Amino acid sequence: MAVAFHIAQFLEDHFQKVASSLEGFGDGFTADVRPTEPRFGVFQANGVLPYAKKTKQNPRALAQTLLDALQLPTDHFTAEIAGPGFININLTPAFYADWLKTFKDEAALQQGASHIDEGLNVVVDYSSPNTAKQMHVGHLRSMVIGEAIQRLLRFCGANVTRDNHIGDWGTQFGILIMAIKDAGYNLDEEHPNLLEELEALYKAGTQKTKDDPAALEQARNELVKLQQGDAENMQLWEKINSLSYEAFESIYKLFNVAFDCVLGESFYRDKVDRIYKELEETKLSEESQGALVVFHPEHPRFAKQPFIIRKSDGATNYATTDLATALHRLEAFEANEMINVTDGRQQDHFEQLRLTVEKWFAAKGYKPCKLRHVWFGTILGEDGKAIKTRSGEPIKLKELVSEAVERAYKVVAEKSPELTEDEKREIAEKVGIGAVRYADLSQNRTSDYTFSWEKMLSFDGNTAPYLLYATARLHAIFRKAGLKPGEGEDAATSFETETELALARKLVLFPSVLELTLEDLRPHFLCTYLFELSGIFSSFYNADKVVTEDPGTQARRLMLCARTLNTLETGLKLLGIETLERM
RNA sequence: GGGGGUGUAGCUUAGUGGAUAGAGCAGCGGUUUUCUAAACCGAAGGUCGUGGGUUCGACUCCCACCUCCCCCA
């Protein structure tokens, strides 16, 4: 019999199948198999309890009936009834060995996971900065969480389009173009700090429009000219955008992020007429106080609170562009799912968008598409308020990264002075950026979290350095043994010690964690798992010597090390974190 | 005013209706002639914001209230 990748799923299916032909069980029964605490076993089926209650049967007797009928292969599973009617399932050392031999490397894990989201065409919209501005700490979470999510989906078999929806068509361009012209600023010259300078110009321009009504008028004129396609303003706008894109790329390179599709809001500006036409003809939109809006009568709030798709002055807005974007994604990518990764303040907007798109697509007979808003909380400073620099500006990502790398470098230089300068630099970069990234991903995305250099760069606790250290130690074992991971396992004897079994147990739970992480697109579940795995490995490492006299013992421990390393590296890769062989 | 989020140990936090609420930091006590001690082991620390309710079982679901954050007018 082939070894199941997702053991909990396999057991669930098996329980269900057996129960369906069993007296005492009927339609409402679900076995509810899930990982449990080590002291109870590997998995626990809780479903008998509520079912017995519902059908007025004795839960323990019912559990016994089910257990008798299961006929699980005893060399692989042991099961027993506990407490009021839980069924605890344990795995045998032989099963662990079989599973670990089957799912031996990243390709095998991916193969196992690939059916989870097979056939799903999903567009993930993340990062999405505005041009003419530098990326700052407010852009961190969307980029980091979005990247992790798209990697997870891809790993699990989805056909993913990574879409960076750039804010390149805002009203800020009126002021900016005015300021550029006033200052005689030449975009064709070399500007090492271009975006900083544009930001300064924009700031000065904004102030000017506040002080001087003539300037405000001028800014409006520049915007109108741009929107009408004035050659000079278009050229300025294009230049600003292309230079902004270059700056974004340098950040993406640091964070190892790339996109399949990079389109600005401007791309959709000739596509909004169709939106108006279709929403009007399907009677989803209506005029309200001069604006074109969509109400959702079935919704407690959006029955009254309008989704404004054309303002009373005729201007389009985010809603219009987002609707056009949804249509484009449906038609260009045949998307069945669209994911937007933004902060939680936009929940209303995306809920209205979702409702509108669902009704609109249905009315037009388009293929239905699931819109998901993956939102996240705020990054707080140590004072408990949204993080800022001392002067009150958001922290630039560029500066955040240099500080992270610099801080990591200091630690590396102190802890591992024997490494070459190049090695220290490389380690500092991976540890620094990995730390920032992991700090963000390891917490529930819907919570706000407190940013702390000390905590994220600490080598204790649920941090990137701790996980990276575990991978470095694993590499060291193989280096010392003169083997590659995966080699030297043939003579493996049966897992024996408590720490070996604990490690094996954790390793086979990887698929359950993938499933959990994917369900709500919450990467912190994967982080918690990797942290726990590292902890169990560290205990094992401390208790059980790998390179040892007995060939059978050494072989089986090498196998555990190779799988732990593979799981850690695969998991970290899914989070977008680069791993190390030494640190 | 309406809505959303949040509240768990001194601090930062995890927790899928399931058994005795888990971690990490800080503080306390141990472990190294042994594959990286950036580690490991142990003890201590909790009326899970408050009050009700549903349930065999509630940090988890429902209702009310309170705190802080945010969104919409």
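What you are looking at is a predicted structure, and each value in this text was computed from that prediction instead of being measured.
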- line: Considering only heavy side-chain atoms of A:S538, the closest of B:rG18, B:rU36, B:rC40 is B:rC40
- request: Provide, to the nearest angstrom, the distance between the CG atom belonging to A:L503 and the P atom belonging to B:rC40.
  value: 14 Å
message: Whether A:K430 and A:E426 form a salt bridge (side-chain N of Lys/Arg under 4.0 Å from carboxylate O of Asp/Glu) is what I want to check.
response: yes
- prompt: Are A:D313 and A:K311 close enough for a salt bridge, meaning some N to O gap below 4.0 Å?
  reply: no
Per A:Y449 side chain, nearest of listed nucleotides B:rU20, B:rU13, B:rG18: B:rU13
- prompt: Which value, in whole Å, describes the distance between the P atoms of nucleotides B:rC61 and B:rG18?
  reply: 11 Å
message: Given the structure, check if the side chain of A:Q44 and the base of B:rA19 hold any donor-acceptor pair shorter than 3.5 Å.
response: yes
query: Does any donor-acceptor pair link the side chain of A:T528 with the base of B:rA23 at a separation under 3.5 Å?
result: no
message: Donor-acceptor check, side chain of A:W99 to backbone of A:F5, threshold 3.5 angstrom: yes or no?
response: yes
statement: When rounded to whole Å, the CZ to P distance for the pair A:F537 and B:rA38 reads 14 Å
Interatomic distance, A:H349 NE2 vs B:rG4 P [rounded to whole Å]: 19 Å
message: Please report the distance separating the P of B:rC62 from the corresponding atom of B:rU54, rounded so that it comes out in whole Å.
response: 15 Å
query: With rounding to whole Å, what would you report as the distance between B:rC11 and B:rA58 at their P atoms?
result: 28 Å
query: Within the structure, does a side-chain N or O atom of A:K53 lie under 4.0 Å from either OP1 or OP2 of B:rC56?
result: yes
- request: Look at the side-chain N and O atoms of A:K415 and state whether any lies under 4.0 Å from the OP1 or OP2 oxygen of B:rA37.
  value: no
message: Quick check on B:rC35: is either OP1 or OP2 less than 4.0 Å from any side-chain nitrogen or oxygen of A:H475?
response: no
- prompt: For A:T450 and B:rU13, is the shortest distance between a side-chain N/O and OP1 or OP2 below 4.0 Å?
  reply: yes
field: Shortest non-hydrogen separation from A:N462 to A:C527 and the atoms involved
entry: OD1-O, 4.1 Å
message: For B:rG15 and A:N444 - does any side-chain N or O of the residue sit under 4.0 Å from the phosphate oxygens OP1/OP2?
response: yes
Distance-only donor-acceptor test, A:N88 side-chain atoms vs B:rA19 base atoms, 3.5 Å: yes
message: I want to verify a distance call: between B:rU20, B:rU16, B:rC35, whose nearest atom is closest to the A:F525 side chain?
response: B:rU16
field: Below 4.0 Å: OP1/OP2 of B:rG4 and any side-chain N or O of A:R301
entry: no
message: Any salt bridge linking A:E489 with A:R563? Criterion: basic side-chain nitrogen under 4.0 Å from a carboxylate oxygen.
response: yes
- request: Could you work out which one of B:rC71, B:rC41, B:rC56 sits closest to the side chain of A:R345?
  value: B:rC71
field: Under 4.0 angstrom between A:Y529 side-chain N/O and B:rG15 OP1 or OP2
entry: no
